Structures are given as C-alpha cells and as structure tokens.
Amino acid sequence: MWRYAVGGVAALLMVAAGWVLFHGDAAREAVLPPQPALAALPQDDALPDVPEASARTREQKRFDRYDKDRDGKVTREEYLASRRKAFARLDTNGDGKLSFDEWAIKTTTRFGGADRDRSGALDRAEFATTAPKRHPKPKCVCAAAPAAPPED
C-alpha cells in the first residue's frame with residue numbers, strides 16, 4: 001500500500017515541476033528582432049527596377065553549348081567533340097591510345113614532384129607534401145541592418 005502512496009506523491013511532484021517550468025515567471029528573450037517602423041520602409045514607388053531572370057533553363061543552355069552550328073539539333077560529332085578534346089589533352093604521346101600513366105598524369109606528376117630522393121617510394125615527410133591544400137570557407141559579409149528610428 002505504501003508503494004501506491006509514494007508513486008502518487010512522486011507523480012504529483014512531477015506534475016508540479018512541469019507546471020513551474022512551463023508557466024513560471026522566468027524572463028524570456030525575444031526570438032525575433034523588433035519590427036522596424038513603417039515610415040522607414042521604402043514606398044512602392046521608390047523601389048528600384050529589378051532585372052528579370054532569363055527564361056532559359058539550365059538544360060537549354062547545355063543544349064546550346066553542344067549545338068555548335070545552331071541548327072537546333074545535336075549531331076553525334078557535336079556531342080562527342082568535348083570528349084575528343086579531353087581525350088586529346090590526356091593522350092600526351094599522341095598514339096591514339098591512353099595508357100594508365102597518361103590517364104593519371106596529374107597524380108603521377110604529383111608523385112614525381114614529392115619523391116625528392118627519386119627512390120620510387122615516398123617516406124612520411126615526402127608523403128606529407130602531397131596532402132590536398134584546404135581552402136578556408138569564406139566568411140559571410142552581411143550588410144548591417146538599418147537602425148530603427150527612435151520611437152516618440
């Protein structure tokens with residue numbers, strides 16, 4: 001029987017604690033900044049002309065990049081032109097075949113530059129020079145909010 005009494009008292013204490021937490025007189029900070037005075041806002045007539053966005057979609061722009069002769073059709077040659085240029089840049093010896101070293105030229109160049117003693121292997125100090133350079137995130141440059149006029 002005493003267990004029921006202790007459980008009832010504990011339940012009442014928890015209800016009272018919840019009521020105090022949610023309905024207490026604790027000072028609460030405003031979540032939103034104060035509303036600016038309406039007189040400080042520009043009138044509809046004073047708004048600058050806003051340029052309209054282009055109606056062309058991203059896919060239309062991509063299509064136009066491929067359609068070199070502007071006939072409204074992308075031929076096989078036009079579609080493969082960018083890939084041929086990329087292949088030609090990678091095929092350094094011009095034999096029409098792409099070896100693994102030609103394909104991985106940037107990586108092999110980085111390895112060769114890091115291998116100072118030309119041993120064909122990188123020790124810890126040499127390997128540390130191949131770490132990618134981290135660029136810090138640009139800081140947000142926000143304009144200061146206009147000051148609200150003093151209230152009378």
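Side-chain atoms are counted along with the backbone in the values below, which use heavy atoms only and exclude waters and symmetry mates. These numbers come from a predicted model, not from an experiment.
- Criterion: ILVMFWY side-chain heavy atoms under 4.5 Å apart, direct or through other members. Under it, Tyr79 and Phe63 are part of a common hydrophobic cluster.
- Within 6.0 Å of CZ on Arg3 lie no more than 12 heavy atoms contributed by other residues, nucleotides or ligands.
- The neighbour count for Tyr66 OH, taken as heavy atoms of other residues, nucleotides or ligands under 6.0 Å away, is above 12.
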Residue pair Ser99, Asp101: steps toward the side-chain hydrogen bond (donor to acceptor under 3.5 Å, both in side chains) verdict: CA-CA 5 Å; Ser99 69; Asp101 288 337; 5.4 Å; no
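- Here the CH2-OG1 distance, from Trp103 to Thr108, works out to 11.0 Å after rounding to the nearest 0.5 Å.
- At a threshold of 4.5 Å between non-hydrogen side-chain atoms, the residues Asp123 and Glu126 count as touching.
- Looking at every heavy atom in both residues, Glu102 comes nearest to Asn93 through OE2-OD1, 2.6 Å.
- Lys73 and Glu78 are not joined by a salt bridge, as no carboxylate oxygen comes within less than 4.0 angstrom of a charged side-chain nitrogen.
- A distance of 11.5 Å separates OG1 of Thr130 from CG of Asp115, quoted to the nearest 0.5 Å.
- Here the CG atom belonging to Asp64 is positioned 5.5 Å from the CZ atom belonging to Arg70, to the nearest 0.5 angstrom.
- Atom CZ of residue Phe127 and atom CZ of residue Phe111 lie 10.0 Å apart, to the nearest 0.5 angstrom.
- Note on Phe100: it clusters hydrophobically with Leu90, by side-chain heavy-atom contacts below 4.5 Å among ILVMFWY residues.
- At least one donor-acceptor pair under 3.5 Å links the side chain of Arg118 to the backbone N or O of Gly112.
- Note on Leu98: it does not cluster hydrophobically with Ile105, by side-chain heavy-atom contacts below 4.5 Å among ILVMFWY residues.
- The OG1 atom of Thr129 lies 9.0 Å from the CZ atom of Arg110; values are rounded to the nearest 0.5 Å.
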